[in-house]
4 protein chains.
Amino acid sequence: MATFSERQRQVKQQAAQEAIFDAALKVISGASLEGLKMQDIAAAAGVATGTLYNYFKNKEELLYYVDQRLHDQILSKAIEIAHAPVAAGQRLSLLLQEIFSFAATYHLVFDLAERSGIVDRIPVQEKQELLDQAVATFQFILEDGVAEGAFRKVDTRKTAAVFFDAVIGILEIQKYVGTYDFTQAGLDLLGLFREYLQPDPFMPERNE
Amino acid sequence: MATFSERQRQVKQQAAQEAIFDAALKVISGASLEGLKMQDIAAAAGVATGTLYNYFKNKEELLYYVDQRLHDQILSKAIEIAHAPVAAGQRLSLLLQEIFSFAATYHLVFDLAERSGIVDRIPVQEKQELLDQAVATFQFILEDGVAEGAFRKVDTRKTAAVFFDAVIGILEIQKYVGTYDFTQAGLDLLGLFREYLQPDPFMPERNE
Amino acid sequence: MATFSERQRQVKQQAAQEAIFDAALKVISGASLEGLKMQDIAAAAGVATGTLYNYFKNKEELLYYVDQRLHDQILSKAIEIAHAPVAAGQRLSLLLQEIFSFAATYHLVFDLAERSGIVDRIPVQEKQELLDQAVATFQFILEDGVAEGAFRKVDTRKTAAVFFDAVIGILEIQKYVGTYDFTQAGLDLLGLFREYLQPDPFMPERNE
Amino acid sequence: MATFSERQRQVKQQAAQEAIFDAALKVISGASLEGLKMQDIAAAAGVATGTLYNYFKNKEELLYYVDQRLHDQILSKAIEIAHAPVAAGQRLSLLLQEIFSFAATYHLVFDLAERSGIVDRIPVQEKQELLDQAVATFQFILEDGVAEGAFRKVDTRKTAAVFFDAVIGILEIQKYVGTYDFTQAGLDLLGLFREYLQPDPFMPERNE
DNA sequence: AATGAATGAGTATTCATTCAT
DNA sequence: TATGAATGAATACTCATTCAT
């Protein structure tokens, strides 16, 4: 078992992929989106175009990888925020800020999957799972809020789903108009849900 | 009096544009999405490629026209529903159904507008106006509902905005996963907002 | 013999051709040269494109006609100057001015024949004849000058030929650089030939 | 030291350009003239069309390069002849022969430069410079001839200019008629200038 | 004769991918 | 493994010409 050289190879492999990921992200986030050339990514990564094909079967796979990585990043960040030791209402607000901030920086990347056609290649199940995780993160906060008594007893799944829908809608709308100013829409969203989740003063439920 | 021949010419012009619009819609909605060829549209319209250029300056303008036409269609349909002589809550539901049904049929066209980059060519103001009109339609129904006493007194602008965000989010999410099944998300959305808009039993407001 | 209607037809025909000629000249002289469209000529002539084809078999013939007409114009003007009742030396100068002035105005037309490829269609004999006539015009002036004693006895054919060569060369060079300033080159040419043609003071030939 | 590989790369680059140049020349000089296709050049060079674009930004630049190369060739050849160790009169004759011979071979290329509109892209200054160099070459010979006592003392600049004009005129005329037979015109030109430059027998100037 | 909408062939250029070195 | 030159398929748009009215 050539464990050592094998591991060495893996390390190199990962380092290269990492470099390519960074380069691709830079190129994608950088400019226009129309015309994301493999050559540009290679140049940004400081390697030859042919080298890209040693790490990714083709352009689609490379973009798929970038897409996944970003999903992982934002999702793990979201989960971190969801578990932060602060009030549920505040966590909701923080998470929203994080998402909008991320979107403002990497909005081109959101188009990526769609425009490059790789969406069709991702299994439906995988996509559904990603969405479920996202909704689950919101739901987690909501349930915490209900448990804390900060929120009234609502159908947390449904509430999280609608909340998530609205978040995605806001991102999409801002992408459409081109101005990535989420403040007004974000405030509206938080305001409405705060109201919706407000505990009923005449029914002061203490959850155990 | 050149009125007659002039009118005749306009009629022919419109008929041709109409035929091309239908053909483009058919081609776009029909199949692959990657690679919408002018030739295909021409073939579908039963004319030569050159003929397309008698009615549209270039591909972009043709797609822009198709995009606008669809926006007009869905918007006028929405306004019609908003003014239908039925209860506000039902109008909300009907409108949602209409939008989802429309999206299920023409989603490829919406993709195309985005992917072909024509979105960037539309003035921000125009895009903003379209969104405002859409939100205004929802708001109109909400205000009617409040007036009818069917909904409690809420900030209709904010509520309409968030509702619209959620609708767009649902469309986007369904586009992402590829299954255009809006039932669950639609029910969740309607359910949540019905609850949110439910008149307070202890504050029986009678609007005149 | 339908002489009357026949003549009428001819008159109309000529009028139409004339209008088209004027329009073509305007369009050609007007702008860039790249892209001389039949439609533009038709528009300038105030007729439909199809109408052009009632008077000219195709684009080539139309351009050929324009080309010929211009040749006729400059040539007849040249002959007129050649026969003007002034000193031979002055006629040479006047003719040069006329040619350069004409070229400055219609230089695009000179390219016409060449760039539109109609040159290849004109019979060599016809082209040769045109050149011969041009040279003959110069030669005519030279012979007059020799007869007047203003020029010394030279081989007028050869002298006229070289003179003509230089004139064409000047036109070509100015076309090449794009600035149509013929003054310096014209002065050089006239100066050299005046000197060349200067009667030998020691051999005062009186040609009868 | 990247010198070696760098030099190697340059050599390959030059070799490729050279091959493309040869191919373009062959294609252009070869046949029709109307419709010079990049594909044809690529095929003649034995490469794919895309390869052409590794060496030339676009068609225009390729043609520009060919044009420049030919100018350089004829000019250096001209200068070489101008400095040949033979009598000035003979050098004049040789140079004329060389130019005519060159033109007979490559006239299509000169046409092409004009017809493809690349002439407009060359800076006026550059074109003027080329012309100046050409005239200067003739002037150099003339001055030598004057110094040798073979020619009489003339204004060499003016004489060279007119001589050059006539040469260009001859080329243009022969291009126009299509027969590239320069003999008669060449003889006339040389004859006239020999006479013009003939030293005055009564004024035996000894230069130095 | 006049119209002018319809025709449709023809071509430069890009860029993901390969493969000899 | 890295290189990067070579590959070659794929597509929008123009404009001379036609012909039904």
Side-chain angles (χ1 to χ4, degrees), chain A residues 9 12-13 16 34-43 45-63 116, chain B residues 5 8-9 12-13 15-16 34-43 45-62 116, chain C residues 9 12-13 16 34-43 45-63 116, chain D residues 5 8-9 12-13 15-16 34-43 45-62 116:
Chain A
R9 202 168 62 101
K12 280 183 82 174
Q13 169 103 1
E34 285 305 310
L36 170 65
K37 290 176 253 180
M38 291 297 267
Q39 285 182 356
D40 291 344
I41 296 174
V47 298
T49 54
T51 306
L52 296 181
Y53 290 84
N54 287 331
Y55 297 98
F56 300 97
K57 190 182 160 195
N58 53 28
K59 190 181 184 181
E60 193 174 312
E61 283 212 351
L62 192 157
L63 295 182
S116 59
Chain B
S5 67
Q8 240 186 357
R9 207 167 57 109
K12 281 182 78 174
Q13 169 104 1
E34 284 306 310
L36 170 65
K37 285 175 266 181
M38 289 300 265
Q39 268 190 356
D40 292 344
I41 296 175
V47 297
T49 54
T51 305
L52 296 181
Y53 291 86
N54 286 335
Y55 298 96
F56 300 96
K57 193 182 157 195
N58 51 32
K59 191 178 182 180
E60 189 175 316
E61 281 212 354
L62 171 54
S116 58
Chain C
R9 203 169 60 100
K12 280 184 80 174
Q13 169 103 3
E34 286 305 310
L36 170 64
K37 290 176 251 181
M38 291 298 268
Q39 286 182 356
D40 291 344
I41 296 174
V47 298
T49 53
T51 307
L52 296 181
Y53 289 85
N54 287 331
Y55 297 98
F56 300 96
K57 190 183 159 195
N58 52 29
K59 190 180 184 181
E60 193 175 311
E61 282 212 352
L62 193 157
L63 295 181
S116 58
Chain D
S5 67
Q8 239 186 359
R9 206 169 56 111
K12 280 182 81 174
Q13 169 103 2
E34 284 305 311
L36 170 66
K37 285 175 267 179
M38 290 298 266
Q39 269 189 356
D40 292 345
I41 296 175
V47 297
T49 54
T51 305
L52 296 181
Y53 291 85
N54 287 335
Y55 297 97
F56 300 97
K57 190 182 160 194
N58 51 32
K59 191 179 182 178
E60 190 175 315
E61 281 212 354
L62 171 54
S116 57

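Predicted model, so just to flag it, every value in this text is computed and none were measured. Every chain is numbered from 1, with letters handed out A, B, ... down the list of sequences.
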Nearest-Å distance for atom pair [atom1]/[atom2], residues [X] and [N]:
X: C/Gln39; N: E/dT7; atom1: CD; atom2: P; answer: 15 Å
X: C/Leu62; N: F/dC15; atom1: CG; atom2: P; answer: 16 Å
X: C/Leu36; N: F/dC15; atom1: CG; atom2: C1'; answer: 11 Å
X: A/Ile41; N: E/dT17; atom1: CD1; atom2: C1'; answer: 14 Å
X: B/Lys59; N: F/dC13; atom1: NZ; atom2: C1'; answer: 12 Å
X: C/Phe56; N: F/dA16; atom1: CZ; atom2: P; answer: 15 Å
X: A/Glu61; N: E/dT17; atom1: CD; atom2: P; answer: 10 Å
X: D/Leu52; N: F/dA5; atom1: CG; atom2: P; answer: 15 Å

Under a 4.5 Å cut-off applied to non-hydrogen side-chain atoms, are D/Val47 and D/Asn54 in contact? no

Which nucleotide in the set [options] lies at the smallest distance from any side-chain heavy atom of [X]?
X: A/Met38; options: E/dA16, F/dC13, E/dT11; result: E/dA16
X: D/Ala48; options: F/dG8, F/dA2, E/dA6; result: F/dG8
X: C/Tyr55; options: F/dT3, E/dA1, F/dA16; result: E/dA1
X: A/Tyr53; options: F/dG8, E/dA5, E/dT18; result: E/dT18
X: D/Lys37; options: F/dC13, F/dT17, E/dT11; result: E/dT11
X: C/Thr49; options: F/dT17, E/dA12, F/dT11; result: F/dT17

Can you tell me if A/Asn54 touches the phosphate of F/dA2, counting only side-chain N or O atoms and a distance under 4.0 Å to OP1 or OP2? yes

If you compare every side-chain N and O of B/Thr51 against the phosphate oxygens of E/dA5 (OP1, OP2), does one of them come in below 4.0 Å? no

For F/dA20, the nucleotide meeting Watson-Crick or G-U wobble distances (both under 3.5 Å) is E/dT3

Return the pairing partner of E/dG8 with a 3.5 Å limit on both distances, Watson-Crick or G-U wobble; otherwise return none. F/dC15

Closest to the 5' end of DNA chain E, once C/Lys12 and C/Gly50 are matched to their nearest nucleotides, is C/Lys12

I want to confirm an ordering. Mapping D/Lys57 and B/Val47 to their closest nucleotides on DNA chain E, which one lands closer to the 5' end? B/Val47

If you measure from CD1 on C/Ile41 to CE on C/Met38, what distance do you get to the nearest 0.5 Å? 6.0 Å

Which distance, rounded to the nearest 0.5 Å, do you find between the CG of A/Leu62 and the CZ of A/Phe56? 4.5 Å

Please say whether more than 12 non-hydrogen atoms of neighbouring residues, nucleotides or ligands are located less than 6.0 Å from CD in B/Gln39. no

